[in-house]
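Let me begin by presenting the structure, written as structure tokens, before commenting on it.
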Number of protein chains: 2
Amino acid sequence: MTSDSAPPTVGRPRLSGEATGSPRLDIIREATALFVAKGYAETTMTEIARSAGLRQSSLYYWFARKELILQTLLEENRSSLALATVLEAQPGPVAPRLYAVLHADVLQLCSAPLDFYEFERVARLQPQNFGAFFDDYAQLHRMIESLVRQGVDAGEFDAVDPADAATAALGLNEGLQRHYRLPLPGVLSYSADEVCRLSADTTITRLLAHRDDLAAIRAAATELSAGAAEAGES
Amino acid sequence: MTSDSAPPTVGRPRLSGEATGSPRLDIIREATALFVAKGYAETTMTEIARSAGLRQSSLYYWFARKELILQTLLEENRSSLALATVLEAQPGPVAPRLYAVLHADVLQLCSAPLDFYEFERVARLQPQNFGAFFDDYAQLHRMIESLVRQGVDAGEFDAVDPADAATAALGLNEGLQRHYRLPLPGVLSYSADEVCRLSADTTITRLLAHRDDLAAIRAAATELSAGAAEAGES
DNA sequence: GCAGGCTTTCGATAACTTATCGAAAAGGCA
DNA sequence: TGCCTTTTCGATAAGTTATCGAAAGCCTGC
């Protein structure tokens with residue numbers, strides 16, 4: 001099984017002409033489009049195969065199980081954890097750091113090809129293959145909990161329980177990504193930017209001891225995100 | 001097709017002895033237990049049939065499709081709408097009324113036999129059969145939006161956008177019921193009462209202009225719920 | 001008492017799903 | 001030329017929801 005980006009030169013030819021690129025990447029690309037359009041459970045291996053230009057059984061040469069396609073195309077699940085790890089250890093006021101983490105998390109959830117809860121459902125059915133997902137989630141929870149604790153200790157935040165606040169913040173993030181992704185009829189829908197701001201605004205406002213300068217916190221959070229991105233690139 | 005609570009006296013006898021009660025109610029009871037234990041998608045008609053004491057194909061005499069079982073056992077979806085309708089039109093301070101509505105909504109979500117998002121997924125695949133669900137959801141959203149607007153107008157709440165605040169409140173409710181129902185490994189789990197309080201506390205605290213008396217709001221909300229329940233019974 | 005109708009259950013089966021397996025069809029290489 | 005590797009394919013197993021006609025009892029009218 002080669003992993004090049006060019007179509008293979010060996011092997012039995014396809015009935016539907018030759019592949020345009022690497023079969024593996026073609027499959028991932030077409031599967032991503034189908035998952036975005038219809039969700040994971042409603043997308044069949046036969047449909048993925050037809051889009052990718054081969055037969056259903058041939059898919060299993062590249063991915064032994066359907067969920068391995070999902071696992072591959074979502075390898076960087078919840079990578080906002082990287083930003084959280086950087087900002088959690090950074091000095092300075094807490095609110096902008098937490099705002100940046102929350103905003104980045106919702107943005108990632110909204111940008112993913114699959115609803116968070118549908119992904120979680122698949123992961124829960126195959127815990128042995130998705131251990132990294134659960135580890136990342138627990139660690140993101142700890143990072144947010146730590147940021148809240150810093151804010152409480154500094155008097156910047158209300159005297160809340162940090163673990164509860166982290167659970168509420170993540171629950172709100174996940175619940176709002178769902179509203180963005182699958183808006184219910186009769187309730188107005190939101191853009192990704194709007195839900196990111198709504199979620200981060202809501203959590204931060206609930207925590208702040210003094211609510212005078214939300215706009216300043218937003219601006220500082222944007223700077224922090226940009227700075228962390230530059231540092232990550234260098 | 002009879003609807004009594006006694007086992008039928010007519011019809012071909014079952015291979016596995018006679019039924020103990022109404023076949024219809026037996027099926028609903030057994031399906032409920034299975035949905036609670038394994039979820040809807042992971043429960044098969046064969047399992048429901050085995051638990052209810054008949055064969056898979058015989059289920060279709062009582063319920064033409066699997067989702068009709070779900071629809072029947074969840075007929076009062078989101079009945080916290082009744083409390084919201086009463087309290088939305090009631091005079092007096094807003095915070096206790098909104099707290100009571102939010103608390104009751106989370107309690108109902110946590111008490112239901114199925115995860116809200118899994119139910120919503122089934123409803124979305126069969127909108128014609130679940131129109132009442134979407135109507136109820138939209139109306140609950142409007143009730144909460146109205147309560148928030150009342151609070152803002154009275155100066156009791158921050159000057160937020162009522163529609164956004166309602167979306168965030170419902171998103172938090174749904175996200176936290178998920179954390180109650182399916183806790184992720186590595187993150188501590190909550191009881192139903194704890195998530196109800198966490199969700200309502202979080203939303204109300206974010207909205208309140210002055211946060212001095214959350215305990216008093218909780219107490220007043222409890223009284224309002226009890227009063228509305230009594231009025232509903234009489 | 002029994003013939004026909006009604007109610008309920010059953011077995012067989014269709015259509016669709018994920019997944020497995022051996023065979024087939026090429027290129028590369030001795 | 002003949003064999004090995006890579007890739008694809010068709011056939012098929014096992015599981016799912018759902019349909020259909022037949023079977024097996026009661027009940028009613030006569």
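The sequence lines fix the lettering, A, B, ..., with proteins before strands; numbering per chain opens at 1.
Taken from CD in A/Glu67 to OG1 in A/Thr72, the straight-line distance is 10.5 Å, to the nearest 0.5 Å. Rounding to the nearest 0.5 Å places OH of B/Tyr117 at 4.5 Å from CD of B/Glu174.
If you find the closest nucleotide of DNA chain D to B/Glu47 and to A/Arg12, the one lying nearer the 5' end belongs to A/Arg12. Annotation: of the two residues near DNA chain D, A/Leu15 and B/Arg65, the 5′-most nearest-nucleotide partner is A/Leu15. The 5' end of DNA chain C is approached more closely, in terms of each residue's nearest nucleotide, by B/Val10 than by the other of B/Gly53 and B/Val10.
The nucleotide whose nearest atom lies closest to any side-chain atom of B/Met45 is, among D/dT17, C/dG28, C/dT8, D/dT17. Closest to the side chain of B/Pro13, from the set D/dA24, C/dT9, D/dC9, is D/dA24. With C/dA25, D/dT7, C/dT9 as the choices, the nucleotide that has an atom nearest any side-chain atom of B/Pro23 turns out to be C/dT9. Among the nucleotides D/dT17, D/dT8, C/dG27, the one closest to any side-chain atom of A/Leu54 is D/dT8.
Proximity of A/Arg55 to the phosphate of D/dT8: no side-chain N or O atom is located under 4.0 Å from OP1 or OP2. Within the structure, every side-chain polar atom (N or O) of B/Tyr60 is placed at least 4.0 Å from both OP1 and OP2 of D/dT19. In this model, the phosphate group of C/dT9 is not approached by any side-chain N or O of B/Tyr61 to a distance below 4.0 Å at OP1 or OP2. Between B/Ser58 and C/dT8, a side-chain N or O to OP1/OP2 separation shorter than 4.0 Å is absent.
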Discussion item. With side chain to side chain contact (heavy atoms under 4.5 Å, CB included) as the criterion, how do A/Asp26 and A/Arg29 come out once you've worked through the C-alpha distance, each side chain's angles and the decisive distance to 0.1 Å?
Written reply: CA-CA 5 Å; A/Asp26 284 354; A/Arg29 176 167 36 80; 2.5 Å; yes
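For the pair A/Gln56 CD and C/dC16 P, the computed distance is 14 Å after rounding to whole Å. Counting to the nearest Å, the C1' atom of D/dG15 and the NZ atom of A/Lys66 are 14 Å from each other. Taking atom CD of residue A/Glu42 and atom P of nucleotide C/dT18, one finds them 11 Å apart after rounding to whole Å. Residue B/Ile48 contributes atom CD1, which lies 17 Å from atom C1' of C/dT9 at whole-angstrom precision. Taking atom CG of A/Leu70 as the reference point, atom P of C/dT18 lies 13 Å away to the nearest angstrom. In this entry the distance linking CD1 of A/Ile69 with C1' of C/dA19 reads 12 Å, nearest Å. Atoms CZ (A/Arg14) and P (D/dC9) sit 7 Å apart, rounded to a whole Å. Straight-line distance from the CG atom of A/Leu68 to the P atom of C/dT18: 14 Å, rounded to whole Å.
Using cut-offs of 30° and 60° on the angle between ring planes, the pair A/Tyr99 and A/His103 is parallel.
Although no hydrogens or angles enter the test, the distance criterion places no donor-acceptor pair under 3.5 Å between the side chain of B/Arg14 and the main chain of B/Leu54.
Residue contacts for A/Thr44: at a heavy-atom cut-off of 4.0 Å it reaches the sugar-phosphate backbone alone, with no base atom in range.
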